[in-house]
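Quantities reported herein were computed from a predicted structural model and do not represent experimental measurements. A, B, ... follow the sequence lines: proteins, then strands. Residue 1 opens every chain.
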Amino acid sequence: MEKSSNSKLEEKEQNNIEVWEDLVSIKDLVLALFICSFTTLAGYFIAPNEPPKPLFFGLIGALIGFGICSYFIKPKRTIQHDEREE
Amino acid sequence: MDAVLIIQMIMAAVLAAVIYSIIGIAPGTDETAVLAPVTLVLVLTGMEPVVILSFFISGIVAKKLADSVPVAVAGIPGGVMSTPMVEHALVLKKHGLPDISIQKMASGSVIGTLIAVPVSLVLANALIPFSDMIKDYANPLFFFGAVFLALMTKNKILALVSIIPFALLIQGLRHLYWGVGVVPEGTNVFISFFLGITIGPVILTLFELLNKEKRTALQRYGKKNITFNNKKRFKGIPNPFKILTKKEIGTTSLASLIGSFTFIMSPVGITIFLGELFSSRIKDPVKKASRAISSMDGLTNAAYISGTLIPLIALGIPLSPMAIGPANALFNAPPVFTLEHNMHHILSSADFVVATLIGSIVALVITYFIIVKFSGQICAFIFTKIPHEAMLGLFFGLVLLLAFMDAGWINIGGVLLIGLVAGVLHRWGINYGVQFMVLYSAPWIIAKIVG
């Protein structure tokens with residue numbers, strides 16, 4: 001799983017770290033944490049103050065943050081197709 | 001139960017099946033971390049308990065079905081519970097059979113679900129007469145649960161010694177909040193501490209990134225290289241009873257039955273033990289691997305369902321690793337649910353049966369068919385479109401929100417502190433089970449120490 005040290009990869013930049021079993025870039029991670037925290041809390045605070053609306057808005061905010069991050073941040077994975085016919 | 005409620009349950013189940021199929025496929029998603037925050041938010045919104053239960057059951061079934069996909073196509077576990085299957089799935093992948101591997105695992109899951117649902121309902125009803133006796137001893141039971149789980153870890157003494165300091169940290173913060181008046185005295189902050197423990201490992205890593213020496217010393221990687229084979233497509237309508245051989249159906253059923261009875265044990269441990277036991281005498285590597293993954297997948301699914309349903313129906317207190325982890329919100333999510341007033345007390349037997357059936361059938365129908373037919377395409381989409389950063393951001397945002405709701409801004413610091421300590425404990429091998437048991441028994445432990 002963690003054999004990312006083959007020669008092909010070493011030529012590229014190595015600036016990703018492992019958090020929770022997958023790779024992230026520190027810069028993108030910080031960005032994602034800020035974006036999601038902001039959208040979630042913003043959703044919570046702009047919601048009408050009658051429960052459970054703040055929670056629903058917060059949840060929607062979190063999902064919007066997730067969407068924004070998925071759009072702007074590229075996953076740190078490369079896919080190779082195995083063409084063997086067996 | 002009226003038609004409107006049933007429609008709501010079906011809609012909730014469909015939503016859960018879609019969300020958790022995606023999350024299940026994304027690599028490295030811990031079951032507790034992905035199931036607990038969302039369920040908690042739903043419970044706190046005051047949604048009907050039956051609707052939440054069908055959402056949750058559909059979520060676990062879909063998550064279990066989906067997390068076999070990255071195991072099969074890329075040898076990457078989709079969650080903690082699928083880790084034991086990687087070794088066997090890699091054997092099939094090496095023989096160019098990742099599609100067979102997915103079909104066997106997903107079919108194993110179906111059998112696990114079909115067995116676990118009735119068995120759990122029957123077992124739970126058989127346990128009800130003993131529940132009053134068990135409930136009276138809930139607090140000491142959580143403490144002994146912590147001790148028992150600590151003795152199961154690698155560093156037993158380390159785990160045992162950590163119990164009291166960790167209980168002190170939890171109660172210390174609660175007393176502080178009462179002292180400064182952010183929380184009324186006697187109200188135990190629970191949800192956000194629970195989530196702090198859950199994302200502890202991530203919080204610890206984030207703190208370490210702020211330490212220059214640690215940051216430069218961290219191992220750096222390029223991109224994660226994932227090789228997979230997705231040209232084959234399943235033709236026709238998949239049928240688990242045809243995909244699995246008779247022997248595989250037999251061992252999967254037996255493993256699922258045992259998994260339902262051992263709901264109080266660690267599901268990962270049982271999975272490794274039984275999976276090896278049932279496949280060790282088979283010589284042919286491909287047959288051996290198929291037998292192992294189908295029975296392991298059936299078992300994990302059964303352990304999930306029984307670990308949630310049995311304590312929920314029979315006891316009303318979360319006395320299983322599954323109940324105290326991912327399913328926690330169904331037992332304790334103050335102010336909506338408490339140990340004295342939760343789904344156990346609110347729902348009737350018929351409610352449990354209907355919600356479980358709707359949840360599991362919806363998830364099986366949607367996720368099983370989609371996964372068997374389109375696993376390669378879905379996997380490629382998620383691997384190339386969904387960054388891990390976004391997943392971490394999503395859960396961090398939810399934790400922040402729930403921390404703020406529990407006790408205001410000060411609690412964000414409190415949750416970071418809990419996460420920091422929990423992350424260190426986790427890294428030392430003191431698993432979530434021990435920490436959650438301490439969270440539950442902290443008031444009792446401190447009361448006993450003070451005398």
Check your understanding: Are the aromatic ring centres of A/Phe66 and B/Phe395 under 6.0 angstrom apart?
Key -> no

Check your understanding: Side chain, backbone, both or neither: which part of B/Leu90 has a heavy atom under 4.5 Å from chain A?
Key -> neither

Exercise for review: Start with the C-alpha distance between A/Phe45 and B/Phe404, add both sets of side-chain angles, then the distance that settles ring pair (Phe, Tyr, Trp, His ring centres under 6.0 Å), and finish with yes or no.
Suggested key: CA-CA 11 Å; A/Phe45 286 118; B/Phe404 177 78; 5.2 Å; yes

Review point. Tell me, side chain or backbone of A/Leu63 under 4.5 Å from chain B's heavy atoms, or both, or neither?
Key: both

Review point. So which part of A/Ser25 gets closer than 4.5 Å to some heavy atom of chain B, the side chain, the backbone, both or neither?
Key: both

Check your understanding: Would you find a donor on one side and an acceptor on the other, under 3.5 Å apart, between the side chain of B/Arg220 and the backbone of A/Asn16?
Key -> no

Exercise for review: Would you give the length of the straight line joining atom CD1 of A/Ile26 to atom OG1 of B/Thr205, rounded to the nearest 0.5 angstrom?
Suggested key: 10.5 Å

Review point. Is it the backbone or the side chain of B/Leu394 that comes under 4.5 Å from a heavy atom of chain A, or both, or neither?
Key: both

**Study point:** Straight-line distance of B/Thr384 OG1 to A/Lys74 NZ, nearest 0.5 Å
**Key:** 11.0 Å

Revision key, fill the gap. OH (A/Tyr44) and CG (B/Leu402) are apart, to the nearest 0.5 Å, by 9.5 Å

**Study point:** Under 4.5 Å from any heavy atom of chain A - which part of B/Leu209
**Key:** side chain

Study note, to complete from the structure: Here the pair of heavy atoms bringing A/Arg77 nearest to B/Pro387 is NH2-C, 4.5 Å

